[in-house]
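This report concerns only the one structure given below.
In what follows, chains carry the letters A, B, and so on, assigned in the order in which the sequence lines appear, proteins first and then strands, with residues in each chain numbered from 1.
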Amino acid sequence: MWHLTLRNLLAHRGRFALTLLAVVLSVTFISGSLMLTDTSERLLEDQFRTASAGVDITIRDAAAFDSAMGVEVERDPLAAGLLDQVAQVPGVGQAHPVADGQGVLEVGGEAVVPAGASLLSSYSPEPLGAFTVRQGRAPENDGEVAIDLATARTAGVAPGDTVAVLTDHRTILKVVGLVGFAEADGMPGATVALVPLHEAQRMLGTTGGYSEILVTTTDDASVQDVLDQLRTRLGERYAVSSAQDSAAASASAAQEQIGSLTMVLTAMSAAALLVGAMLIANTFAIVTNQRRREIALLRAAGATTGQVSRSILGEALVIGLLGSALGVGMGVLAADGLRTLGAAFGTDLPDGPTVLSASTVVISLLLGLGVTLVSAVGAARRVARVAPVEALRDSAEASPATRARGRKRSALRLLPLGAGLAGTAAVLAGAPALVLVPAALATVAGIALLGPAVTPVLAQVVGAPLARMGLPGRLARQSAARAPRRTTATAMALALSLALIAFMTVVATSLKEGLSGTYRETVTADLVIESSRAEMLGGLSPHVVQEVDGLAEIATTSRVRYGHWLDGGTTSALTALDPDTVTEVTDLDLVAGSLDALDSGGVVVAQSVAAERGLAVGDTVEMTFSYTGDQQLEVVGILESLDAQALSTSWFVSLETYAEHFTEDMDASVLLRVADGVDVEEAAAAVEAALVDHPTADVRDQATAAAARGATVQQVLGLVTVLLVLTVIIALLGITNTLALSVSERTREIGLLRAVGASRAQVAWMIRAEAVLVAALASLLGLGLGVGLGAATVRALGQQAPLAVALPTGRLALVVAVALAAGLLAGLLPARRAARIDVLRAITTH
Amino acid sequence: MTTTPTTTASSIEAPTMRPPAATATGLVKVYGRGDTEVRALDGASLVVPAGQLTAIMGPSGSGKSTLMQTMAGLDPVDQGSIRLGDTEVTTLSEKQRTLLRRERIGFVFQSFNLVPSLTARENITLPLRLAGRSADTAWFEELVTILGLGDRLTHRPTELSGGQQQRVAVARALVTRPDIVFADEPTGNLDSRHGQALLAFLQRAAGELGQTVVMVTHDPTAASYADRVVFLVDGRVVSDLAGPTVTTVLTRMAELEQPASRAGR
């Protein structure tokens with residue numbers, strides 16, 4: 001039978017080409033995502049390992065945890081005297097102090113603001129430092145700086161030029177050299193400014209302190225011994241770790257930051273695979289149905305049911321292997337494409353040679369092959385039921401017997417849909433939101449099962465406008481209704497893609513509207529200063545508020561800070577505010593207790609959290625801070641959930657309490673109330689003028705600030721939508737494929753239409769109309785499903801924090817319009833083929 | 001100012017007052033090239049009188065189907081001229097031939113005649129609707145009544161018997177009042193009772209309704225219903241028989257096959 005399988009594949013190359021393409025695309029997506037993840041991990045590890053290649057041990061101030069949500073915690077500077085202490089430990093070769101922090105580079109009066117960090121560091125000569133001087137020389141004296149090559153190139157800086165670096169103040173420096181980062185010309189998404197140690201300390205205001213001490217060991221001492229020695233001598237106050245460990249920790253923090261992208265990619269790969277599977281299953285079903293006579297002949301000639309089934313699975317095996325192999329190859333290109341896409345939507349990934357690991361190849365091949373085989377199982381089973389006597393019959397239409405059985409089964413088929421709808425209803429009525437996941441799956445399965453029963457009706461309804469446009473439209477509608485299973489399967493693949501898009505759109509828009517809506521209602525400030533960069537903790541220098549405080553146009557300034565802490569091992573966030581001034585720029589409603597009580601060092605929690613944990617005013621909670629470790633804080637107030645949401649977290653402390661437990665010294669935003677009688681725009685201009693030395697500080701009015709709340713959600717939505725468009729493309733291939741097969745099946749019928757006077761244009765329009773009809777059907781199913789489940793999800797989320805369903809009708813209408821246009825596009829090829837059918841051959845060949 | 005009756009179905013030479021419905025002159029149609037070359041038509045000429053049922057007969061491979069297909073504008077010819085009324089078919093473009101088929105020609109095929117997703121009524125009116133015209137209600141009703149399809153109009157082809165399906169096809173061919181109806185082995189898939197009913201109808205359509213019909217057949221019984229039988233051998237019209245009976249047709253066929261076999265073809 002192998003011989004026959006291969007012969008058959010070669011004979012029907014055209015029929016299988018699109019199936020192969022579907023496998024290739026699905027696998028490309030998966031392998032591309034895997035490769036991108038591998039590559040990013042490898043590059044990040046390399047990057048941090050390079051940075052500590054010449055160092056054995058690093059010493060930093062101790063912290064309860066190293067990083068949270070991908071942000072490394074800040075630590076207190078090390079005292080200058082520590083250096084001598086370290087140098088005296090036996091086995092220590094060199095002890096080299098480093099001071100580093102943030103310093104925005106300014107070239108020709110223009111701030112250079114990268115997507116990532118603006119690194120300012122003391123220069124460490126190789127091999128301790130990872131930067132190598134490529135041009136000019138290293139900075140040796142005060143007033144000298146070295147810039148990384150990549151930044152120098154883009155900003156047009158050469159040795160001899162003068163630049164400024166902005167810390168709390170502006171420092172004018174002369175560029176004496178350009179450096180590279182190991183092999184690369186710079187660090188991805190960052191600017192690098194290297195100055196002598198003393199200058200760095202002065203610029204960063206560390207008053208003689210160090211950020212860390214880099215230690216090398218002498219040749220005769222083991223790293224582990226020196227490590228133990230240092231730990232014993234320095235005590236708990238200091239974190240002494242091997243350079244390898246701290247590099248790994250930094251790398252994992254950076255990887256956590258790109259973790260969300262990896263998650264999105266994985267989810268989207270799964271969606272692509274699912275849509276691909278539906279397309280593959282559909283093609284196999286159609287192709288085997290067209291070959292019923294041939295299969296019956298084989299059976300009549302003595303082939304067993306097992307043999308004919310295996311020949312179908314054999315075809316799937318060949319297609320799956322070939323498609324997966326091609327997909328892995330294409331994945332290399334896809335990884336680059338996805339990286340570009342990620343960058344366009346705000347997640348910068350390190351760029352470098354793509355890593356093709358064995359596990360990527362194996363996973364991609366297995367998934368591609370597995371999905372193709374599983375998708376072909378249905379067709380293989382159906383083939384086994386082909387009776388030899390069918391070879392003698394004339395028509396390939398379904399026999400009445402199978403129809404009757406289908407009807408009997410339809411009662412059972414209602415089950416999944418019923419269960420799905422019941423589950424969704426239960427969630428709306430208050431059941432846990434997680435119930436939605438199985439409910440959604442059951443609903444999708446239910447619709448797929450019921451499709452053949454409802455498609456004819458739906459096709460009649462959806463196709464009504466087509467039918468009014470003439471006979472070809474009516475024929476298209478009837479053709480779609482005539483093969484309900486095929487139409488449903490084709491439409492379902494597209495419907496699923498559209499459902500995912502609609503779901504994401506509804507949920508994301510609701511979240512975004514919710515976020516900016518509550519912000520608008522709660523934060524009543526006239527002006528808001530925020531960093532133009534999307535830093536996790538805000539990233540405004542504390543000097544910003546000082547610059548603004550004295551302005552005559554401003555009546556009140558109130559600072560807001562964010563911090564990470566551990567909530568019984570889980571990373572959580574808190575907001576720090578000034579209880580005295582915050583009431584003038586916000587409208588915060590407390591359910592119990594008071595904001596003023598925050599002065600005593602306690603914590604205010606959101607009502608939703610209080611309810612969840614049964615907290616009341618007077619209770620104590622344990623919070624773990626990086627700087628001070630485990631602390632007991634008293635609950636002094638309970639804040640309305642929506643107000644808490646407007647301030648981004650569920651936990652609130654005063655700025656004084658924050659200062660006790662955190663080393664971080666960054667404001668997230670500064671809320672301003674304009675003085676009486678001063679125009680807001682006028683005040684904004686004054687504030688901007690005062691902040692001329694803080695190029696990353698953005699002055700926004702309240703509406704702009706509110707709109708910016710959902711920016712991250714919007715970005716994620718954008719990325720996900722672009723990725724889902726790829727699944728839509730796979731689904732469109734399905735429409736093209738199904739119609740092409742359908743055209744070849746209906747050759748005689750189309751020939752007849754042409755013989756009795758249908759023009760080529762009419763025949764082509766009939767096929768295109770059918771494609772659009774399938775797309776319309778898919779839009780209806782997909783949007784219904786996506787919007788319904790999206791709304792249910794939003795309602796379920798609303799159980800924790802009030803959230804209203806927002807329906808972005810414009811965007812959804814756009815999705816439908818694009819789907820219909822794409823359907824038209826998908827129909828072009830089959831329509832061309834149908835129009836080119838030779839009338840005579842169609843009606844005379846038997 | 002005396003006129004003789006124009007429709008004397010049995011009269012052989014009596015010239016009708018109507019000009020011929022179609023005239024084919026010196027048709028040549030070649031399939032393939034070199035060694036595989038087949039001259040399906042090799043100088044075939046034929047005049048189809050209006051308002052008559054003309055049968056085309058010939059042994060298989062004689063080119064009778066090709067003759068019909070080229071005259072109907074389904075297939076272009078390599079040489080020769082086909083006039084349908086006063087239209088020269090051979091010079092028409094593909095698009096014009098489509099319109100010609102739609103407006104002026106009707107078809108009845110041996111099988112696969114109907115669009116499975118359309119009802120009988122919709123199948124009958126298909127050519128009209130493709131042209132965007134509405135049916136002549138009186139004519140439609142008359143056809144349906146004569147063909148006995150009155151109670152089958154809402155049925156799909158799969159719910160009709162073979163005879164009914166073929167009658168629907170005939171109604172579809174006639175509904176546009178075409179200049180000429182081409183029927184390719186119309187009784188080929190029917191049992192003799194249904195076949196004869198269909199032939200009787202075609203005869204009536206020509207005799208009473210004045211509909212020109214050209215029928216390709218290999219069945220002498222079917223041919224005997226025609227006003228005139230044209231015999232084709234090796235792509236040429238070789239003989240012509242008016243007022244045929246089964247016996248005269250059989251005799252003529254036997255005569256024609258002898259010289260052919262003697263020539264070793």
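Counting all heavy atoms, side chain and backbone alike, K95(B) lies closest to S759(A) at NZ-CB, 4.4 Å. Shown here for F107(B) and A755(A), the closest heavy-atom pair between the two residues is CE1-O, 3.2 Å.
Other residues, nucleotides and ligands place more than 12 heavy atoms under 6.0 Å from the CZ atom of R382(A). Atom NE2 of H194(B) has more than 12 neighbouring heavy atoms from other residues, nucleotides or ligands inside a 6.0 Å radius. R832(A) CZ: 12 or fewer foreign heavy atoms inside a 6.0 Å radius.
Residues L118(B) and Q478(A) have side chains in contact (heavy-atom distance under 4.5 Å, counting atoms from C-beta outward). At a threshold of 4.5 Å between non-hydrogen side-chain atoms, the residues R101(B) and R754(A) count as touching.
To the nearest 0.5 Å, atoms CG (L753(A)) and OG1 (T98(B)) are separated by 12.0 Å.
Each of L126(B), I105(B), T176(B) was scored for a side-chain contact (heavy atoms from CB on, under 4.5 Å) with V756(A), with one residue passing: L126(B).
Heavy-atom pairs under 4.5 Å with chain A peak, among R172(B), E103(B), E94(B), at E94(B).
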